[in-house]
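Naming convention: chains lettered A, B, ... in sequence-line order (proteins, then strands); numbering from 1 in each chain. Keep in mind that what you see is a predicted model, and the values were worked out from it rather than measured.
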Amino acid sequence: MIETHDLSKQFHDFWAVDGVNLSVQAGQILALLGQNGAGKTTTIRMLTALLAPTRGSARVAGYDVATQGKEIRASIGVLTEQHGLYMRMSAHEYLEFFGKVYGLSLEQRKLRKDQLLEYFGLAEAAKRRIGEYSKGMRQKLALARAMMHDPGVLLLDEPTSAMDPESARLVRDEIARLKSSQRTLVLCSHNLTEVEALADQIAIIYRGKILRKGTLQELKMQVLGQPEYEVLFAEDWDSNGLELPQGVELVSRKANSLKIRVARPQEMNPVVLSRLSKLSAPVMAFQEESRSLEQVYLKVMEEVKGFTNVH
Amino acid sequence: MFTKFGPIWIIAKRELTDQLRDWRMIAPMGILILFFPFLANEFARRASNFIAQYGGEAIIDRLVPFSLLIIGFFPISVSLVVALEAFVGEKERGTIEPILSAPLEDWQIYFGKLISGVIPPLVTSYASFGIYLLLVMRQNLTLPTPLVFLQILLLTTAHAFLMVSGAIVVSVQSTSVKAANLLASFIVIPVAILLEGEAGLLFWGNEHILWWAILGVLIGALLIIRLGLAHFQREYFIGREVDEINLRWLGRTFWQNFRGDARSISEWYRVSVGGALKKIFPAALVLLFVAGLTIFLSYRWTAATGAKFMETAPQADVEKIKTDLLHSPDLREIRERVNAPYLFMNNTRAMVVIFVVGIFTLGVLGVMAYMLNISLIGGLFGAMQVLGLPAWKLFLGGVLPHGIFELPAFLIGCAAVLYCGVSFVTPQAGKSFGETGVQLFAEWCKLFVGVIVPLMALAAVIEAHVTPYILAALAS
């Protein structure tokens with residue numbers, strides 16, 4: 001579990017993180033989105049008790065970041081921006097070393113090492129020097145290191161950035177498994193599709209401040225407004241006779257289609273469909289207009305920076 | 001016990017394994033182990049043959065211990081690169097963060113690196129010793145006594161700890177390996193000078209003084225380890241600081257600390273200088289105690305040594321010393337040679353030198369300079385007693401009039417140096433090494449400008465214009 005209150009970090013005259021409030025429960029994934037240098041890594045480092053907050057407080061796995069750094073570091077797994085691999089070691093030795101650092105017993109080390117190397121497809125290469133590994137293999141090994149002591153909280157910075165689609169899928173599956181086994185996860189990623197698929201909560205951070213925060217649906221509602229639905233007709237049909245219920249707004253009308261904005265889709269969409277049916281409308285499809293996290297993110301950035309090249 | 005110290009060995013073992021896999025480390029170490037003993041052996045053989053022609057047997061006996069000292073030093077200075085990049089190298093390669101994110105104490109990481117930095121040079125040095133002694137045994141050279149060999153072994157070990165602990169401090173504080181390597185000269189050169197001094201002691205034949213050298217080097221190493229631990233901050237390793245001198249920051253930090261919140265000179269004296277005096281008060285108390293002890297010991301030593309000297313000294317010489325001391329001073333000559341600006345410049349310059357050497361030795365040489373000066377008072381009393389002259393009269397007339405101002409200024413200056421040294425080796429929460437240094441320099445400057453300079457000026461005027469007259473009056 002992670003709770004932060006007004007978490008802030010100042011470097012000289014620059015506020016890298018400014019008043020961040022977060023709450024991530026066990027079994028939840030929070031995704032931190034933002035440009036490079038927005039403050040994601042600094043936030044992660046404060047949660048790891050590597051950086052002392054200038055202002056505010058945070059508790060990770062029940063421990064205070066200001067006073068219980070060692071306890072926090074024992075309870076979390078961190079995948080850092082730089083993977084921190086020793087090139088002259090083998091994967092086997094690397095995991096063994098960190099297993100010892102985290103105080104695991106010989107049996108625990110052997111079990112976890114075998115499990116993780118096997119899962120990430122590194123078992124065959126386990127005795128080769130890490131310097132000979134591909135980028136993706138290195139990233140998987142770094143992730144294995146973060147998971148070696150089976151921590152309750154995982155802070156993952158770009159967990160799949162260097163991976164091929166197959167490996168990325170493997171990692172996403174593992175993240176989903178960790179979530180279902182009640183782990184708390186914070187994910188920093190530029191891969192918005194991945195975030196969309198995994199995150200329970202999303203926070204968009206810009207120049208150290210959280211601009212928007214919520215579930216994907218909440219963010220879509222906050223940023224892009226109410227959802228829009230398109231009704232496609234099999235043939236041209238005069239929809240002027242259709243009376244839209246309260247809470248449904250007409251966006252556009254064409255001969256073979258209709259676009260509406262619906263405040264409460266669960267309640268209103270059945271009413272609209274029923275009225276169309278009564279009028280014997282040749283409805284071919286009734287679909288929500290696609291609104292991705294990317295649209296949300298770019299819209300937020302557009303608002304804050306006045307982007308002109310986003311749609 | 002293992003849970004506390006176990007992680008140190010885990011860190012050290014990984015580092016050592018990593019080093020042993022790097023041929024760039026192994027090759028120079030192997031060459032040093034094999035090459036230097038043969039070189040030193042050849043040097044000792046030729047030198048002993050040469051010296052034997054002139055009957056310098058006493059020096060020949062010292063050649064082997066001297067060679068051992070040198071053989072021990074070279075591998076340490078070469079292997080220093082391991083310690084120099086212990087932290088900053090990991091920072092540059094991006095491998096430090098997982099270690100810092102692990103549940104380890106700062107001191108466990110620090111000592112892990114320290115041990116991994118000390119073991120390779122020591123193993124290399126000891127192996128070189130072994131090879132060299134085997135070579136010596138095959139020649140007709142005299143082997144060192146077991147005691148001297150033990151001293152050299154300990155001295156080499158102490159050198160290794162001193163240099164490696166210095167290199168680790170450099171590594172912790174540097175932002176790049178390049179900067180750390182450049183700073184290595186500040187470790188190698190002073191230790192090389194120290195080695196020259198130790199070699200001098202060895203040739204001099206006063207082995208018992210080598211024990212003090214071993215103790216001194218070990219104390220130095222401990223102080224440096226403490227310094228490194230005091231300024232070990234995880235935050236520093238993951239920062240994005242670059243190697244550049246931020247003059248604006250330096251100036252602002254210095255001025256903020258020098259001026260404090262004062263808006264007028266009187267307020268500056270009351271708040272800033274007063275605050276600085278309060279801070280150095282415990283150090284001043286320690287130095288007062290040290291002064292008492294030093295005066296007593298120097299008095300005892302001078303009185304005892306002087307008494308022995310008097311037994312053998314020609315009576316005519318003793319009488320001449322007494323007459324000269326009791327003779328009324330030539331005031332005109334004194335005025336020509338010793339004037340107030342000269343005395344003022346001399347004393348303030350001494351205070352600056354004490355600060356500089358004191359700060360680089362974490363206060364140690366500052367305290368030693370203080371003890372040396374204060375010992376003159378005890379020495380004066382001891383010498384006067386031996387000569388049967390009135391010491392109190394000379395002290396009250398020749399030292400006290402200007403000493404009322406000069407001695408407190410000297411005490412404050414040395415206490416400030418001790419305070420700075422102690423503060424440097426004490427953890428300063430949330431402050432970088434540089435910030436601590438600038439703040440301490442500002443504290444010293446406050447006391448120097450606000451207290452030491454005015455007191456020294458007053459003392460110089462009295463010493464030039466009042467003390468000689470009192471001495472003249474007393475003599476007549």
Search all heavy atoms of [X] against all heavy atoms of [Y] and return the closest pair with its distance.
X         : Y         : answer
Thr95(B)  : Leu85(A)  : CG2-O, 3.2 Å
Phe98(A)  : Pro98(B)  : CZ-CB, 3.6 Å
Tyr102(A) : Pro103(B) : CE2-CD, 3.3 Å
Arg129(A) : Arg21(B)  : NH2-NE, 3.7 Å

Around atom [atom1] of [X], are there more than 12 heavy atoms of other residues, nucleotides or ligands at under 6.0 Å?
X         : atom1 : answer
Phe161(B) : CZ    : no
Arg172(A) : CZ    : yes
Glu132(A) : CD    : yes
Glu105(B) : CD    : yes

Got a second to check how far [X]'s [atom1] is from [Y]'s [atom2], nearest 0.5 Å?
X         : Y         : atom1 : atom2 : result
Ile238(B) : Thr48(A)  : CD1   : OG1   : 8.0 Å
Ile44(A)  : Ser101(B) : CD1   : OG    : 10.5 Å
Arg234(B) : Arg45(A)  : CZ    : CZ    : 13.5 Å
Leu50(A)  : Glu97(B)  : CG    : CD    : 5.5 Å
Arg88(A)  : Thr17(B)  : CZ    : OG1   : 11.0 Å
Asp18(B)  : Glu93(A)  : CG    : CD    : 9.5 Å

* Tell me, side chain or backbone of His83(A) under 4.5 Å from chain B's heavy atoms, or both, or neither? -> backbone
* State whether Glu96(A) and Arg14(B) are salt-bridged, where the test is any N-O pair (Lys NZ or Arg NE/NH1/NH2 against Asp/Glu carboxylate O) under 4.0 Å. => no
* Close contacts, residues 58-78 of chain A versus chain B, judged by heavy atoms under 4.5 Å ->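 So far as heavy atoms go, Lys70(A), Arg73(A), Ala74(A), Val78(A) are the residues that approach chain B to under 4.5 Å.
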* **Donor-acceptor side-chain pairing of Glu90(B) and Tyr86(A) below 3.5 angstrom** => yes
